Every structure is written in structure tokens, then in C-alpha cells.
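So you know, we letter chains A, B, ... as the sequences are listed, proteins then strands, and number each from 1. Just so it is clear, the structure is predicted and the values come from calculations on it, not from any experiment.
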Number of protein chains: 2
Amino acid sequence: MGETTEPRTIQAVGITLEIIDYLHETDGARVTEIAEGIGRSKGTVHCHLATLLDYEHVIKSGERYTLGLRYLELGEGVKQHLGIYDVVADELDDLAGECEELVQFATEEHGRAVYLYKKGGERAVQTASTVGKREHLHCISLGKAMLAHYPRERVEEIIDRHGLPAYTEETITSRDELFSTLDTIRERGYAFDDEEKIDGLRCVAAPVNGANDEVIGAVSISGPSSRMTGDRYYEELPNKVIRSANVIEINAKFS
Amino acid sequence: MGETTEPRTIQAVGITLEIIDYLHETDGARVTEIAEGIGRSKGTVHCHLATLLDYEHVIKSGERYTLGLRYLELGEGVKQHLGIYDVVADELDDLAGECEELVQFATEEHGRAVYLYKKGGERAVQTASTVGKREHLHCISLGKAMLAHYPRERVEEIIDRHGLPAYTEETITSRDELFSTLDTIRERGYAFDDEEKIDGLRCVAAPVNGANDEVIGAVSISGPSSRMTGDRYYEELPNKVIRSANVIEINAKFS
DNA sequence: GAGAACTGTTCGTAACACACAAACAGTTTA
DNA sequence: TAAACTGTTTGTGTGTTACGAACAGTTCTC
């Protein structure tokens, strides 16, 4: 059942996009597997793949279909279009070297956080996040840092759409609690994540403003709770993310 | 006229892919502009964009539609799926520092070269090539280095499909000349590009073999003809690209 | 400030494209 | 050797889709 929320949406296009997503998730697949995966007939999937092949969006090695390098080109285009990618990369490389923890930059799209860049210091934790990965906003420091500067109705819309699912015991799951936390974050200027998404992981994040004082993303530092304590967690690292956020803001304005 | 070369291809999908390509080329556009650009009615384009929006493949800021960050995720997936990206990046960074010229890595897909990575040394030339960019194979050193190790019928197919268009006075435009050049390259082990694509630009490239001795890509060094002369052009740099190609081959086998 | 020339969106319709199911040709398994 | 898989092809009817025109807003222009 290809659920079409919007009116006047095109079924055939939806099927193709589902195939593309499926190929992405599985790193390539065969016709029957895709057909079962998206719940369509083999014949249908075959026609869609023939079209994608014709437009060189997929490649076919033997019987396996894989996403083509055109998506590398499209991804590169999106990256460059953002305009801040290079600035972010430079600054985060510095920050990672300085604090020797995992540092990340994310922006918001369609109500979720999207990681744009990550850099692990020497002893940094390894998380499942990768560039392009999407995540709920309410349970991570990056997300809360951005939400804190959104108008309330915008936050309400996002909650309506994506909910407030719990990941750990500490995840914020009520609207009231989220809004009061966001108030604190707005006043303080930075956000914490105290094991709200992953047990044993603490993070700090600060928002990055664009030209019109709109939030365009956020910088975070993540580490194991054992290392994220005392002054380091509550003062030193917050100061570092704020400083990095400022560096990105300034450099973004001159590029 | 949405020309459909393959039989049983889906028109609606073709239109959407053309819209995606158009949005990529223009860094975002409005409905009317897209409609004119791809030769379809406004209503049609509107429905396709509504679908792409529904699946979060594009974003809408005001009246402008732009490719979404999902393409960053898809591009990253393709990159990781290749398996050699990180190895290539490390080695090319070294090579660029060593020779202080533009170094590049490309692979072949659908009969054309696709750039995967580039790194400019200090005084390196700036070319229009970017990651994901596609180029004809016959007129660049990277392309010839790969073609030299393809079976003849495969090369014929590629020529049939893409032709041998001339870019400069030096571009190879006849099949016979190309095949005899490829013979030389195969024996010698590396390929030159003596202003065959861009006036004033000389390059050297060596092929990179994968697990089954199949060519999986090539490494090149490019520079202004004024600096690419004598022993440096004919011995020193060829040795460097061959060495880098070997390093990539070895590291690729252990990852 | 009125109208013209733009937008993007919605809607009805008729042509036709598409998704299905079933048949087909190869391969691998049992 | 047959059975159980592949991927591909084909015919067919229904429902989709692309179009064009009408609609509602904006932004010009004079």
C-alpha cells in the first residue's frame, strides 16, 4: 500500500523512489528481493529498474542493481549548494583535534536533524551516525539547540509530525517538559544531551546562526558519560561548542 | 520529447528524473522554470514536485524547489559502497603534497569517466572537474589508461554509444588511432594526455586493478604544459602515478 | 491605484500508460 | 530429471497521468 498523504501525488514516481531507498538501504539488490521489499510485482519493479538504468541512475552488475555514481554527483551538488560545508569541515577538524571527542554538525530538514559532518578525535566514541543520517530532534543536543530558537508553532508542527518517541529512560517524551527545556536552552545558549538518545553518551551543542539570525545548524561534542563530567562537561566543552559555532557563523558570512 | 531508447520504460519516472537533473544543474528552480526547462506543462511538473516533496527528496523554500539532503545520504552510501574511497583519498592527499599538481582519481560507469576524488597541490591548476562529474574517456589520460585494459568489443560499444568528439586540435577522433594509442598504453603501463581535452593542459595516468585484475579506476596528475616537460613529464610523474596506483591496489585488497 | 503579466495551484477530462498476473526462458537446486 | 528458483517478456483492463484551462495571488507597469 503506497500511502499517499498529499493529494495529486504520482504513484509511479513513488514506486521508483521506494526502489531507490531500498537500494540505498541494502547496498544493491536483485529484482525479486526488491519486489518483495516494497510489495510490488516483479514485472513492475523490472520496468522501473529499466527506466532508472536508461537514465543511468542505477548500474546493473550481473543480476544485481546498485545505485549509480550519479548520486555521488547529486550529493556533491547538494553539499556545495549549502555553502557552509567547507567552513564547517575546517572548524570541526580543529575542534576534534582540540577536545579529542566526537564532534558533529547537523542541520534540520523536514522536521528532523540531518548530520552534515562528523570528525572523531583520537579516543572518540563511535556512533551509528553518518553523513546524511536523519534523527529525531527532541532527543539529541544538536536538535534541541536548533529547536530552542524556532517559533513555538513550528516546534508544535514538528512534534505533530514525528512525535516524541523514547529511546532511553532519559528521553524527553512530554511537550511541556520539552518546551521548558527549550526555554532553558535558549537563555543559556547551549544544549545538553544526558543519555537521552543512547545510554552512556553525553553531548553538548550550540546553535549556528545564518545571515538573518535564523538557525542554520548546530555543533556538538559527544563522549562517554565517564569522561563528560564536572567542569569539563558543564563549562569547558560548552564554551568550545559556542566558540566553534561563532567561528562558523563568521566564516559563513564571508563565503 | 522524452526520448525513450529502451522498451517498456516508464514515462512518469523519466519526467521526475529529468526534474531532478534539472534541479541539480540549476541549484534549485521554480515550477515555471522547470516546466520550460524540460518541456512539460506546469501542472505536470507541479504534481511531480508534490510527490518528490512527499517523499522528502526535495525541499521547498518559498516558491523555490531544491534537492534535499537525502541526496547527501544517497551519495554517501554510494561512496562507501565503492569500498576504495578512503584508500584513494589518503593516497591522493599524499601524492598531491608530493608533486604539487592536481591529482585525480576516476572510475568508469556507463561508458564515461566519473571523477571520484581530486586534490590540488599548492600551485595546482584549477579545472572544471568536480567529484561526480562525467567525462568522455577517449580524450583524457584517466580514460585512456582504463580503456587500454578493456576488451576491444567493450571499447567499440563505448565508442558506438558516446562517439569520439573533438575538444582540441590534439583530440583523438579516429578509431584506428585510438586503438593503436591504447596498444602503446597497455605495453607501457601509463597514459598521457597532451592537450587533448584542454589546451595547455598535460596529464599522466595509471590504471588501478581490483581483485580479479579488472581495472577499477585510474590515478592522474595534471598540470600546465609549461611545467610538464622533459624528464619530469616522461619519467618522474609516470613513476609517481604508477606507484600511487599500486599503493591503492594493495590497500584496497585489505579493506 | 487599476490593470496587465506574471506567478503557483487546482481541477476535469480523455488518452493512454502502467501495474498486474501469467507465461516464458534460463539456471540452480534437489 | 524435475522442481524451484531466477529475470524477462507480453497482453490486458483499469486507473493514472499529463494536459490545458481556469483560478487565486503577487508583482510589475504605467
| Has A:K133 got its NZ or CZ under 6.0 Å from the middle of the six-membered ring of A:Y115, at an angle within 45 degrees of the ring axis? |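 Checked: cation-pi criterion not met.
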
May I ask you to verify if any side-chain N or O of [X] is less than 4.0 angstrom from the OP1 or OP2 atom of [N]?
X: A:K42; N: C:dC24; result: no
X: A:R30; N: D:dG7; result: yes
X: B:T44; N: D:dA18; result: no
X: B:R40; N: D:dA18; result: no

For this session: Just report the end-to-end axis angle for the helix from C:dG1-D:dC30 to C:dA30-D:dT1, five pairs per end, to 10 degrees.
Result: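 It comes to 30° between the two terminal axes.
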
Integer-rounded Å distance: [N] [atom2] and [X] [atom1]:
X: B:L49; N: C:dT10; atom1: CG; atom2: P; value: 13 Å
X: A:E36; N: D:dT6; atom1: CD; atom2: C1'; value: 12 Å
X: A:I15; N: C:dA17; atom1: CD1; atom2: P; value: 16 Å
X: B:R64; N: C:dT9; atom1: CZ; atom2: P; value: 14 Å
X: B:I10; N: C:dC20; atom1: CD1; atom2: C1'; value: 12 Å
X: A:I19; N: D:dG7; atom1: CD1; atom2: P; value: 13 Å
X: A:L53; N: D:dG7; atom1: CG; atom2: C1'; value: 14 Å

**Asked** Heavy atoms, side chains only, cut-off 4.5 Å: are B:V215 and B:V208 in contact?
**Response**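 Sidechains of B:V208 and B:V215: no contact.
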
When the nearest nucleotide of DNA chain D is assigned to B:S41 and to A:H46 on a heavy-atom basis, which residue is associated with the more 5' position?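 Its nearest nucleotide lies further toward 5', so the answer is A:H46.
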
Which comes earlier along DNA chain D counting from the 5' end, the contact point of B:V45 or that of A:G43, where each point is its nearest nucleotide?
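Residue closer to the 5' terminus by nearest nucleotide: A:G43.
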
Open item on the list: The side chain of B:R8 is closest to which nucleotide in this list: C:dA19, D:dC19, D:dT6?
Closed with: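 Side chain of B:R8 sits closest to C:dA19.
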
A:K60, nearest nucleotide to its side chain (from C:dT9, C:dA17, D:dT8):
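So the nucleotide nearest the side chain must be D:dT8.
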
Check ion pair [X]-[Y] (N to O, under 4.0 angstrom):
X: A:R152; Y: A:E156; value: yes
X: B:E56; Y: A:R161; value: yes
X: A:K79; Y: A:D86; value: no

Q: Kindly determine whether A:E196 and A:T171 satisfy side chain to side chain donor-acceptor pair (under 3.5 Å), including the steps that lead there.
A: CA-CA 4 Å; A:E196 294 164 42; A:T171 309; over 6 Å; no

